There are 2 protein chains.
Amino acid sequence: MRRSKARARETRQQILLAAERVFYEKGVANASMEEVARAAGVTRGAIYWHFANRSELFMALCNSVPLPQEDLLARGLEAPETDALALMERLVGEWIELLSRDEQRQRILSILLRCDYGGEFADVCTRQHDIDDRHMLALETVFARALEQGRMNRIWTPQSAASTLRWMIKGLCAEWLLFGRRFDIVAEGREGVSRLFRSFALGQILESDRDGCPGGR
Amino acid sequence: MRRSKARARETRQQILLAAERVFYEKGVANASMEEVARAAGVTRGAIYWHFANRSELFMALCNSVPLPQEDLLARGLEAPETDALALMERLVGEWIELLSRDEQRQRILSILLRCDYGGEFADVCTRQHDIDDRHMLALETVFARALEQGRMNRIWTPQSAASTLRWMIKGLCAEWLLFGRRFDIVAEGREGVSRLFRSFALGQILESDRDGCPGGR
DNA sequence: CAACATACAAACAGGGCTGTATGTTAAATC
DNA sequence: GATTTAACATACAGCCCTGTTTGTATGTTG
(Lines give C-alpha, C1' and ligand atoms only; values in the text may rest on other atoms or scores of the structure.)
Protein backbone atom coordinates (compact mmCIF):
# COMPACT_ATOMS: atom_id res chain seq x y z
CA MET A 1 0.00 0.00 0.00
CA ARG A 2 1.85 2.97 -1.22
CA ARG A 3 1.82 6.14 0.86
CA SER A 4 2.27 9.70 -0.25
CA LYS A 5 5.63 11.40 -0.42
CA ALA A 6 5.02 13.32 2.77
CA ARG A 7 4.00 10.18 4.56
CA ALA A 8 7.13 8.42 3.32
CA ARG A 9 9.32 11.07 4.85
CA GLU A 10 7.33 10.62 8.02
CA THR A 11 7.98 6.90 8.18
CA ARG A 12 11.62 7.52 7.44
CA GLN A 13 11.68 9.80 10.43
CA GLN A 14 9.88 7.18 12.51
CA ILE A 15 12.50 4.64 11.53
CA LEU A 16 15.27 6.99 12.57
CA LEU A 17 13.60 7.63 15.89
CA ALA A 18 13.09 3.94 16.49
CA ALA A 19 16.68 3.19 15.52
CA GLU A 20 17.80 5.79 17.99
CA ARG A 21 15.88 4.15 20.82
CA VAL A 22 16.80 0.58 19.91
CA PHE A 23 20.46 1.34 19.25
CA TYR A 24 20.59 3.15 22.54
CA GLU A 25 19.15 0.21 24.44
CA LYS A 26 20.87 -2.70 22.73
CA GLY A 27 23.94 -1.12 21.19
CA VAL A 28 24.40 -0.59 17.49
CA ALA A 29 26.01 -3.93 16.78
CA ASN A 30 23.56 -6.04 18.76
CA ALA A 31 20.34 -4.50 17.58
CA SER A 32 18.56 -6.34 14.78
CA MET A 33 16.72 -4.64 11.98
CA GLU A 34 13.62 -6.55 13.01
CA GLU A 35 13.65 -4.87 16.41
CA VAL A 36 14.07 -1.46 14.86
CA ALA A 37 11.24 -2.20 12.48
CA ARG A 38 8.93 -3.33 15.27
CA ALA A 39 9.80 -0.26 17.31
CA ALA A 40 8.98 1.91 14.31
CA GLY A 41 5.73 0.08 13.59
CA VAL A 42 6.85 -1.06 10.14
CA THR A 43 8.49 -4.11 8.63
CA ARG A 44 12.07 -4.62 7.67
CA GLY A 45 11.05 -3.98 4.09
CA ALA A 46 10.43 -0.35 4.89
CA ILE A 47 13.84 0.04 6.46
CA TYR A 48 15.62 -1.59 3.55
CA TRP A 49 13.68 0.67 1.24
CA HIS A 50 14.92 3.81 2.95
CA PHE A 51 18.39 2.62 3.96
CA ALA A 52 20.73 0.18 2.25
CA ASN A 53 21.90 -1.55 5.42
CA ARG A 54 22.44 -1.01 9.08
CA SER A 55 25.63 0.97 8.83
CA GLU A 56 23.95 3.39 6.46
CA LEU A 57 21.03 3.67 8.83
CA PHE A 58 23.48 4.38 11.60
CA MET A 59 25.23 6.99 9.50
CA ALA A 60 21.93 8.67 8.70
CA LEU A 61 21.06 8.66 12.38
CA CYS A 62 24.33 10.38 13.20
CA ASN A 63 23.70 12.99 10.54
CA SER A 64 20.09 13.54 11.52
CA VAL A 65 20.92 15.24 14.80
CA PRO A 66 24.02 17.34 14.52
CA LEU A 67 25.85 17.50 17.78
CA PRO A 68 25.85 21.11 18.77
CA GLN A 69 29.60 21.57 18.95
CA GLU A 70 29.75 23.20 15.58
CA ASP A 71 27.06 25.76 16.17
CA LEU A 72 28.39 26.74 19.55
CA LEU A 73 31.91 27.19 18.31
CA ALA A 74 30.74 29.07 15.28
CA ARG A 75 28.94 31.43 17.59
CA GLY A 76 32.13 31.70 19.60
CA LEU A 77 34.11 32.65 16.56
CA GLU A 78 31.59 35.24 15.49
CA ALA A 79 32.24 37.50 18.46
CA PRO A 80 35.96 38.16 18.42
CA GLU A 81 35.95 41.31 20.46
CA THR A 82 34.67 39.96 23.78
CA ASP A 83 36.54 38.03 26.45
CA ALA A 84 37.23 34.78 24.63
CA LEU A 85 37.82 32.76 27.76
CA ALA A 86 34.63 33.83 29.52
CA LEU A 87 32.66 33.32 26.35
CA MET A 88 34.06 29.85 25.93
CA GLU A 89 33.19 28.90 29.47
CA ARG A 90 29.69 30.17 28.97
CA LEU A 91 29.34 28.18 25.75
CA VAL A 92 30.54 24.99 27.38
CA GLY A 93 28.11 25.52 30.21
CA GLU A 94 25.29 26.06 27.77
CA TRP A 95 26.25 22.93 25.91
CA ILE A 96 26.18 20.82 29.05
CA GLU A 97 22.85 22.27 30.03
CA LEU A 98 21.48 21.60 26.58
CA LEU A 99 22.67 18.02 26.76
CA SER A 100 21.14 17.56 30.18
CA ARG A 101 17.72 18.59 28.91
CA ASP A 102 17.73 16.91 25.50
CA GLU A 103 17.21 13.20 25.92
CA GLN A 104 17.59 12.61 22.23
CA ARG A 105 21.06 14.08 22.20
CA GLN A 106 21.87 12.03 25.26
CA ARG A 107 20.89 8.85 23.46
CA ILE A 108 22.81 9.67 20.31
CA LEU A 109 25.89 10.71 22.20
CA SER A 110 25.68 7.52 24.23
CA ILE A 111 25.46 5.48 21.07
CA LEU A 112 28.44 7.27 19.60
CA LEU A 113 30.47 6.93 22.76
CA ARG A 114 30.05 3.21 23.18
CA CYS A 115 29.84 2.32 19.52
CA ASP A 116 32.23 -0.28 18.31
CA TYR A 117 33.60 1.55 15.25
CA GLY A 118 35.33 -1.63 14.09
CA GLY A 119 35.04 -2.96 10.57
CA GLU A 120 31.59 -2.22 9.28
CA PHE A 121 31.32 1.26 10.74
CA ALA A 122 34.65 2.49 9.45
CA ASP A 123 33.13 5.33 7.44
CA VAL A 124 31.08 6.54 10.38
CA CYS A 125 34.25 6.47 12.40
CA THR A 126 36.28 8.55 9.97
CA ARG A 127 33.49 11.07 9.66
CA GLN A 128 33.43 11.41 13.42
CA HIS A 129 37.18 11.90 13.34
CA ASP A 130 36.83 14.72 10.87
CA ILE A 131 34.27 16.45 13.03
CA ASP A 132 36.47 16.06 16.04
CA ASP A 133 39.46 17.47 14.19
CA ARG A 134 37.55 20.55 13.11
CA HIS A 135 36.25 20.88 16.62
CA MET A 136 39.77 20.82 18.01
CA LEU A 137 40.96 23.41 15.54
CA ALA A 138 38.15 25.73 16.49
CA LEU A 139 38.88 25.26 20.16
CA GLU A 140 42.53 26.02 19.61
CA THR A 141 41.64 29.15 17.70
CA VAL A 142 39.57 30.47 20.55
CA PHE A 143 42.21 29.67 23.11
CA ALA A 144 44.83 31.33 20.95
CA ARG A 145 42.70 34.45 20.96
CA ALA A 146 42.34 34.24 24.72
CA LEU A 147 46.11 34.08 24.99
CA GLU A 148 46.45 37.08 22.72
CA GLN A 149 44.01 38.93 24.91
CA GLY A 150 46.31 38.23 27.82
CA ARG A 151 43.66 36.41 29.75
CA MET A 152 45.39 33.06 30.03
CA ASN A 153 48.37 31.87 31.96
CA ARG A 154 51.29 31.30 29.66
CA ILE A 155 51.85 27.80 30.98
CA TRP A 156 48.97 26.85 28.69
CA THR A 157 49.21 26.63 24.96
CA PRO A 158 46.16 26.68 22.70
CA GLN A 159 46.71 22.99 22.04
CA SER A 160 47.15 21.96 25.62
CA ALA A 161 44.16 23.95 26.81
CA ALA A 162 41.98 22.59 24.03
CA SER A 163 43.08 19.03 24.72
CA THR A 164 42.51 19.32 28.44
CA LEU A 165 39.08 20.80 27.95
CA ARG A 166 38.14 18.13 25.43
CA TRP A 167 39.39 15.30 27.59
CA MET A 168 37.52 16.60 30.55
CA ILE A 169 34.25 17.08 28.72
CA LYS A 170 34.59 13.72 27.07
CA GLY A 171 35.31 12.03 30.36
CA LEU A 172 32.46 13.86 32.02
CA CYS A 173 29.99 12.84 29.36
CA ALA A 174 31.24 9.27 29.25
CA GLU A 175 30.94 8.97 32.99
CA TRP A 176 27.49 10.45 33.06
CA LEU A 177 26.01 8.79 30.01
CA LEU A 178 27.61 5.38 30.14
CA PHE A 179 27.61 4.82 33.86
CA GLY A 180 24.07 5.42 34.84
CA ARG A 181 23.80 9.19 35.23
CA ARG A 182 24.59 8.95 38.89
CA PHE A 183 25.31 12.61 39.40
CA ASP A 184 24.05 16.04 38.40
CA ILE A 185 25.91 16.74 35.20
CA VAL A 186 24.94 20.39 35.05
CA ALA A 187 26.04 21.21 38.57
CA GLU A 188 29.18 19.11 38.69
CA GLY A 189 30.06 19.77 35.09
CA ARG A 190 29.68 23.51 35.44
CA GLU A 191 31.68 23.42 38.62
CA GLY A 192 34.47 21.38 37.11
CA VAL A 193 34.59 23.49 33.98
CA SER A 194 34.50 26.65 36.03
CA ARG A 195 37.46 25.48 38.08
CA LEU A 196 39.33 24.48 34.97
CA PHE A 197 38.77 27.87 33.39
CA ARG A 198 39.74 29.60 36.58
CA SER A 199 42.99 27.68 36.48
CA PHE A 200 43.40 28.65 32.84
CA ALA A 201 43.41 32.26 33.92
CA LEU A 202 44.65 31.92 37.45
CA GLY A 203 48.40 31.49 37.31
CA GLN A 204 49.07 34.61 35.32
CA ILE A 205 49.89 36.62 38.38
CA LEU A 206 52.13 33.94 39.72
CA GLU A 207 54.28 33.72 36.69
CA SER A 208 57.43 35.74 36.29
CA ASP A 209 55.61 38.59 34.59
CA ARG A 210 54.06 40.35 37.53
CA ASP A 211 52.48 43.10 35.52
CA GLY A 212 49.34 43.50 37.54
CA CYS A 213 45.90 42.18 36.92
CA PRO A 214 45.24 40.14 33.81
CA GLY A 215 42.50 42.38 32.50
CA GLY A 216 43.16 45.62 34.32
CA ARG A 217 45.36 47.54 32.00
CA MET B 1 43.92 -36.65 22.66
CA ARG B 2 44.00 -35.59 26.21
CA ARG B 3 46.80 -33.35 27.42
CA SER B 4 48.29 -33.12 30.85
CA LYS B 5 47.02 -30.76 33.51
CA ALA B 6 49.87 -28.34 32.99
CA ARG B 7 49.25 -28.31 29.28
CA ALA B 8 45.56 -27.65 29.88
CA ARG B 9 46.36 -24.51 31.84
CA GLU B 10 48.61 -23.53 29.00
CA THR B 11 45.89 -23.84 26.40
CA ARG B 12 43.55 -21.92 28.68
CA GLN B 13 46.10 -19.14 28.73
CA GLN B 14 46.44 -19.34 24.96
CA ILE B 15 42.69 -18.98 24.63
CA LEU B 16 42.71 -15.91 26.85
CA LEU B 17 45.51 -14.37 24.84
CA ALA B 18 43.73 -15.09 21.59
CA ALA B 19 40.47 -13.70 22.96
CA GLU B 20 42.29 -10.54 23.92
CA ARG B 21 43.61 -10.07 20.40
CA VAL B 22 40.39 -10.98 18.64
CA PHE B 23 38.15 -8.97 20.95
CA TYR B 24 40.45 -6.03 20.48
CA GLU B 25 40.28 -6.24 16.71
CA LYS B 26 36.62 -7.08 16.20
CA GLY B 27 34.99 -5.90 19.39
CA VAL B 28 33.64 -8.21 22.04
CA ALA B 29 30.18 -8.49 20.59
CA ASN B 30 31.22 -9.07 17.00
CA ALA B 31 33.91 -11.65 17.56
CA SER B 32 32.88 -15.26 17.06
CA MET B 33 34.13 -18.12 19.15
CA GLU B 34 35.41 -19.74 16.00
CA GLU B 35 37.72 -16.84 15.36
CA VAL B 36 39.03 -16.93 18.90
CA ALA B 37 39.57 -20.66 18.58
CA ARG B 38 41.46 -20.30 15.32
CA ALA B 39 43.61 -17.56 16.78
CA ALA B 40 44.40 -19.81 19.72
CA GLY B 41 45.13 -22.81 17.54
CA VAL B 42 42.35 -24.91 19.03
CA THR B 43 38.74 -25.71 18.22
CA ARG B 44 35.64 -24.25 19.78
CA GLY B 45 35.36 -27.39 21.86
CA ALA B 46 38.40 -26.35 23.85
CA ILE B 47 36.95 -22.94 24.56
CA TYR B 48 33.63 -24.34 25.67
CA TRP B 49 35.49 -26.76 27.87
CA HIS B 50 37.29 -23.98 29.71
CA PHE B 51 34.57 -21.31 29.59
CA ALA B 52 30.81 -21.64 29.67
CA ASN B 53 30.13 -18.95 27.06
CA ARG B 54 31.50 -15.76 25.65
CA SER B 55 30.52 -13.48 28.46
CA GLU B 56 32.29 -15.76 30.92
CA LEU B 57 35.33 -15.78 28.69
CA PHE B 58 35.17 -12.00 28.61
CA MET B 59 34.87 -11.84 32.37
CA ALA B 60 37.84 -14.15 32.78
CA LEU B 61 39.81 -11.98 30.40
CA CYS B 62 39.02 -8.89 32.46
CA ASN B 63 40.08 -10.64 35.62
CA SER B 64 43.22 -12.06 34.11
CA VAL B 65 44.97 -8.71 33.85
CA PRO B 66 44.10 -6.42 36.72
CA LEU B 67 44.19 -2.81 35.69
CA PRO B 68 46.84 -1.17 37.78
CA GLN B 69 44.68 1.45 39.42
CA GLU B 70 44.34 -0.56 42.58
CA ASP B 71 48.02 -1.21 43.09
CA LEU B 72 49.01 2.35 42.41
CA LEU B 73 46.48 3.80 44.78
CA ALA B 74 47.32 1.27 47.42
CA ARG B 75 50.92 2.37 47.15
CA GLY B 76 49.74 5.95 47.44
CA LEU B 77 47.84 5.23 50.61
CA GLU B 78 50.77 3.44 52.14
CA ALA B 79 52.89 6.57 52.38
CA PRO B 80 50.81 9.09 54.29
CA GLU B 81 53.60 11.33 55.47
CA THR B 82 54.85 12.61 52.12
CA ASP B 83 53.40 15.31 49.90
CA ALA B 84 50.17 13.68 48.82
CA LEU B 85 49.68 15.85 45.78
CA ALA B 86 53.15 15.35 44.36
CA LEU B 87 52.94 11.65 45.04
CA MET B 88 49.63 11.42 43.26
CA GLU B 89 50.95 13.24 40.23
CA ARG B 90 53.90 10.91 40.10
CA LEU B 91 51.65 7.86 40.33
CA VAL B 92 49.43 9.09 37.54
CA GLY B 93 52.48 9.73 35.40
CA GLU B 94 53.77 6.26 36.10
CA TRP B 95 50.44 4.77 35.24
CA ILE B 96 50.33 6.54 31.90
CA GLU B 97 53.87 5.47 31.15
CA LEU B 98 53.05 1.90 32.08
CA LEU B 99 50.05 1.96 29.80
CA SER B 100 52.07 3.39 26.95
CA ARG B 101 54.54 0.53 27.12
CA ASP B 102 52.20 -2.38 27.82
CA GLU B 103 50.34 -3.28 24.67
CA GLN B 104 48.34 -5.91 26.46
CA ARG B 105 46.92 -3.36 28.86
CA GLN B 106 46.20 -1.09 25.94
CA ARG B 107 44.18 -3.79 24.26
CA ILE B 108 42.25 -4.71 27.37
CA LEU B 109 41.54 -1.09 28.25
CA SER B 110 40.40 -0.49 24.68
CA ILE B 111 38.08 -3.45 24.88
CA LEU B 112 36.67 -2.21 28.15
CA LEU B 113 36.26 1.33 26.89
CA ARG B 114 34.36 0.48 23.77
CA CYS B 115 32.57 -2.55 25.10
CA ASP B 116 28.85 -2.50 24.82
CA TYR B 117 27.95 -3.50 28.37
CA GLY B 118 24.35 -3.98 27.35
CA GLY B 119 22.37 -7.08 28.18
CA GLU B 120 24.65 -10.07 28.19
CA PHE B 121 27.59 -8.33 29.83
CA ALA B 122 25.66 -6.85 32.71
CA ASP B 123 27.72 -8.64 35.34
CA VAL B 124 30.97 -7.50 33.81
CA CYS B 125 29.57 -4.00 33.82
CA THR B 126 28.58 -3.98 37.48
CA ARG B 127 31.95 -5.40 38.45
CA GLN B 128 33.63 -2.58 36.55
CA HIS B 129 31.38 -0.13 38.36
CA ASP B 130 32.45 -1.49 41.72
CA ILE B 131 36.10 -1.14 40.82
CA ASP B 132 35.51 2.41 39.67
CA ASP B 133 33.70 3.30 42.86
CA ARG B 134 36.52 2.01 45.02
CA HIS B 135 38.91 3.86 42.78
CA MET B 136 37.06 7.11 43.30
CA LEU B 137 36.97 6.68 47.06
CA ALA B 138 40.71 6.12 47.14
CA LEU B 139 41.30 9.18 45.01
CA GLU B 140 39.13 11.29 47.28
CA THR B 141 41.00 10.05 50.31
CA VAL B 142 44.31 11.13 48.87
CA PHE B 143 42.99 14.54 47.86
CA ALA B 144 41.49 15.01 51.28
CA ARG B 145 44.91 14.39 52.74
CA ALA B 146 46.43 16.88 50.33
CA LEU B 147 43.90 19.44 51.49
CA GLU B 148 44.74 18.71 55.10
CA GLN B 149 48.37 19.19 54.28
CA GLY B 150 47.49 22.64 53.01
CA ARG B 151 48.85 21.93 49.58
CA MET B 152 45.66 22.48 47.62
CA ASN B 153 43.63 25.51 46.79
CA ARG B 154 40.42 25.49 48.78
CA ILE B 155 38.30 26.01 45.71
CA TRP B 156 38.77 22.29 45.21
CA THR B 157 37.08 19.62 47.23
CA PRO B 158 38.28 16.05 47.38
CA GLN B 159 35.32 15.04 45.28
CA SER B 160 35.71 17.71 42.65
CA ALA B 161 39.44 17.13 42.30
CA ALA B 162 38.99 13.38 42.05
CA SER B 163 36.22 13.76 39.48
CA THR B 164 38.22 16.19 37.38
CA LEU B 165 41.27 14.00 37.43
CA ARG B 166 39.24 10.91 36.54
CA TRP B 167 37.42 12.66 33.73
CA MET B 168 40.64 13.92 32.30
CA ILE B 169 42.42 10.58 32.44
CA LYS B 170 39.43 8.79 31.04
CA GLY B 171 39.10 11.27 28.22
CA LEU B 172 42.81 11.10 27.53
CA CYS B 173 42.82 7.32 27.35
CA ALA B 174 39.66 7.20 25.28
CA GLU B 175 41.07 9.71 22.84
CA TRP B 176 44.36 7.89 22.55
CA LEU B 177 43.17 4.32 22.48
CA LEU B 178 39.97 4.64 20.50
CA PHE B 179 41.04 7.25 18.03
CA GLY B 180 44.16 5.85 16.54
CA ARG B 181 46.87 6.84 19.00
CA ARG B 182 47.56 9.99 17.09
CA PHE B 183 49.61 11.68 19.76
CA ASP B 184 52.27 10.92 22.34
CA ILE B 185 50.24 9.94 25.35
CA VAL B 186 53.17 10.07 27.75
CA ALA B 187 54.29 13.55 26.79
CA GLU B 188 50.89 15.15 26.38
CA GLY B 189 49.33 13.23 29.21
CA ARG B 190 52.12 14.12 31.61
CA GLU B 191 51.94 17.72 30.52
CA GLY B 192 48.21 17.91 30.93
CA VAL B 193 48.27 16.21 34.28
CA SER B 194 51.11 18.40 35.39
CA ARG B 195 49.16 21.51 34.54
CA LEU B 196 46.10 20.17 36.25
CA PHE B 197 48.03 19.46 39.41
CA ARG B 198 49.68 22.84 39.23
CA SER B 199 46.24 24.37 39.12
CA PHE B 200 45.22 22.19 42.05
CA ALA B 201 47.92 23.85 44.06
CA LEU B 202 48.18 27.14 42.29
CA GLY B 203 45.33 29.31 43.54
CA GLN B 204 46.29 29.07 47.19
CA ILE B 205 48.37 32.16 47.03
CA LEU B 206 45.84 34.05 45.03
CA GLU B 207 42.83 33.29 47.12
CA SER B 208 43.20 36.26 49.42
CA ASP B 209 43.35 38.85 46.65
CA ARG B 210 41.11 37.04 44.26
CA ASP B 211 38.46 39.75 44.13
CA GLY B 212 40.99 42.30 42.96
CA CYS B 213 40.90 41.63 39.26
CA PRO B 214 38.36 39.06 38.11
CA GLY B 215 37.81 40.24 34.59
CA GLY B 216 39.26 43.70 34.48
CA ARG B 217 36.65 45.60 32.63
C1' DC C 1 47.31 -52.58 33.91
C1' DA C 2 42.61 -51.83 34.09
C1' DA C 3 39.27 -48.48 34.82
C1' DC C 4 38.02 -44.00 35.04
C1' DA C 5 38.40 -39.06 34.31
C1' DT C 6 40.07 -35.34 31.61
C1' DA C 7 40.89 -32.37 27.74
C1' DC C 8 39.85 -31.71 23.96
C1' DA C 9 38.02 -32.48 18.50
C1' DA C 10 34.27 -33.21 15.44
C1' DA C 11 29.67 -33.54 14.28
C1' DC C 12 24.94 -31.95 15.00
C1' DA C 13 20.78 -29.32 15.62
C1' DG C 14 18.68 -25.09 15.70
C1' DG C 15 17.85 -20.23 15.44
C1' DG C 16 18.33 -15.64 14.23
C1' DC C 17 19.64 -12.36 11.16
C1' DT C 18 20.75 -10.41 6.68
C1' DG C 19 19.89 -9.23 2.11
C1' DT C 20 17.06 -9.96 -1.80
C1' DA C 21 13.28 -11.01 -4.63
C1' DT C 22 8.69 -10.78 -5.33
C1' DG C 23 4.02 -9.24 -4.44
C1' DT C 24 0.68 -5.43 -3.59
C1' DT C 25 -1.54 -1.13 -3.29
C1' DA C 26 -2.06 3.56 -3.60
C1' DA C 27 -0.23 7.83 -5.48
C1' DA C 28 1.67 10.26 -9.74
C1' DT C 29 1.77 11.02 -14.27
C1' DC C 30 0.07 11.47 -18.71
C1' DG D 1 -8.62 6.61 -16.51
C1' DA D 2 -4.88 3.68 -17.79
C1' DT D 3 -0.17 3.14 -16.93
C1' DT D 4 3.62 3.70 -14.37
C1' DT D 5 6.01 4.02 -10.28
C1' DA D 6 6.88 4.81 -5.44
C1' DA D 7 6.47 2.79 -0.88
C1' DC D 8 6.15 -0.48 1.32
C1' DA D 9 4.77 -5.90 3.09
C1' DT D 10 5.80 -10.67 2.64
C1' DA D 11 8.27 -14.63 1.48
C1' DC D 12 12.59 -16.84 0.64
C1' DA D 13 17.39 -18.45 0.60
C1' DG D 14 21.32 -18.91 3.03
C1' DC D 15 24.85 -17.96 6.10
C1' DC D 16 26.97 -17.84 10.44
C1' DC D 17 26.99 -18.58 15.00
C1' DT D 18 25.86 -20.73 19.27
C1' DG D 19 25.40 -24.37 22.46
C1' DT D 20 25.32 -29.29 22.95
C1' DT D 21 26.42 -33.83 22.18
C1' DT D 22 29.17 -37.43 21.00
C1' DG D 23 33.55 -39.45 20.14
C1' DT D 24 38.31 -40.40 21.52
C1' DA D 25 42.86 -40.57 22.94
C1' DT D 26 45.55 -39.69 26.63
C1' DG D 27 46.64 -38.86 31.57
C1' DT D 28 45.75 -40.44 36.05
C1' DT D 29 44.63 -43.44 39.75
C1' DG D 30 44.10 -47.50 42.42
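First the proteins, then the strands, lettered A, B, ... as listed; each starts at 1. Every value quoted in this text rests on a predicted model; they were computed, and no experiment measured them.
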Quiz prompt | Residue from E35(A), R38(A), E34(A) passing side-chain contact (heavy atoms from CB on, under 4.5 Å) with R44(A) | solution = E34(A)

Practice problem: For A6(A), report the nucleic acid contact type (base, sugar-phosphate, nothing); a contact means any heavy atom under 4.0 Å. | Solution: nothing

Quiz item: Quick one: is T11(B) getting a side-chain N or O under 4.0 Å of the dC8(C) phosphate, OP1 or OP2?
Solution: yes

Quiz item: Is a donor on one side and an acceptor on the other found under 3.5 Å between the side chain of Q14(A) and the backbone of G41(A)?
Solution: no

Practice problem: Can you tell me the distance, in whole Å, between the CZ atom of R38(A) and the P atom of dT10(D)? | Solution: 14 Å

Quiz item: Is the distance from OP1 or OP2 of dA7(D) to the nearest side-chain N or O of H50(A) less than 4.0 Å?
Solution: no

Exercise. Tell me which nucleotide among dG19(D), dT18(C), dT18(D) gets nearest to the side chain of N53(B).
Key: dG19(D)

Practice problem: Using a 4.0 Å heavy-atom cut-off across all strands, classify S32(A) as base, sugar-phosphate, or nothing. | Solution: sugar-phosphate

Quiz item: Closest to the V42(A) side chain: dA7(C), dT20(C), dA9(D)?
Solution: dA9(D)

Quiz item: Looking at dC8(D), dA9(C), dG19(D), which one has an atom nearest to any side-chain atom of A8(A)?
Solution: dC8(D)

Quiz prompt | Whole angstrom value for the distance that separates P of dC16(D) from NZ of K26(B) | solution = 11 Å

Exercise. Whole angstrom is fine here: how far is it from CD in E34(B) over to P in dC15(D)?
Key: 16 Å

Quiz item: Are any non-hydrogen side-chain atoms of F58(B) and L112(B) less than 4.5 angstrom apart?
Solution: yes

Quiz item: Starting at CZ of R54(B) and ending at P of dC16(D), how long is that distance when rounded to a whole Å?
Solution: 16 Å

Quiz item: Under the criterion side-chain contact (heavy atoms from CB on, under 4.5 Å), which of R9(B), R12(B), Q13(B), E56(B) is the partner of H50(B)?
Solution: R12(B)

Self-check item: Nearest-Å distance for atom pair CE/P, residues M33(A) and dT20(C)
Solution: 11 Å

Practice problem: Figure out the OH/C1' separation between Y48(B) and dG19(D), and round it to whole Å. | Solution: 6 Å

Exercise. Starting from P on dA7(C), measure out to CD on E10(B) and report it in whole angstrom.
Key: 13 Å

Self-check item: Earlier contact from the 5' end, DNA chain D, for W49(A) and R44(A)
Solution: W49(A)

Quiz prompt | Polar side-chain atom of S64(B) near backbone of L61(B) as donor-acceptor pair, under 3.5 Å | solution = yes

Practice problem: Grab the CZ-P distance between F51(A) and dG19(C) for me, whole Å please. | Solution: 14 Å

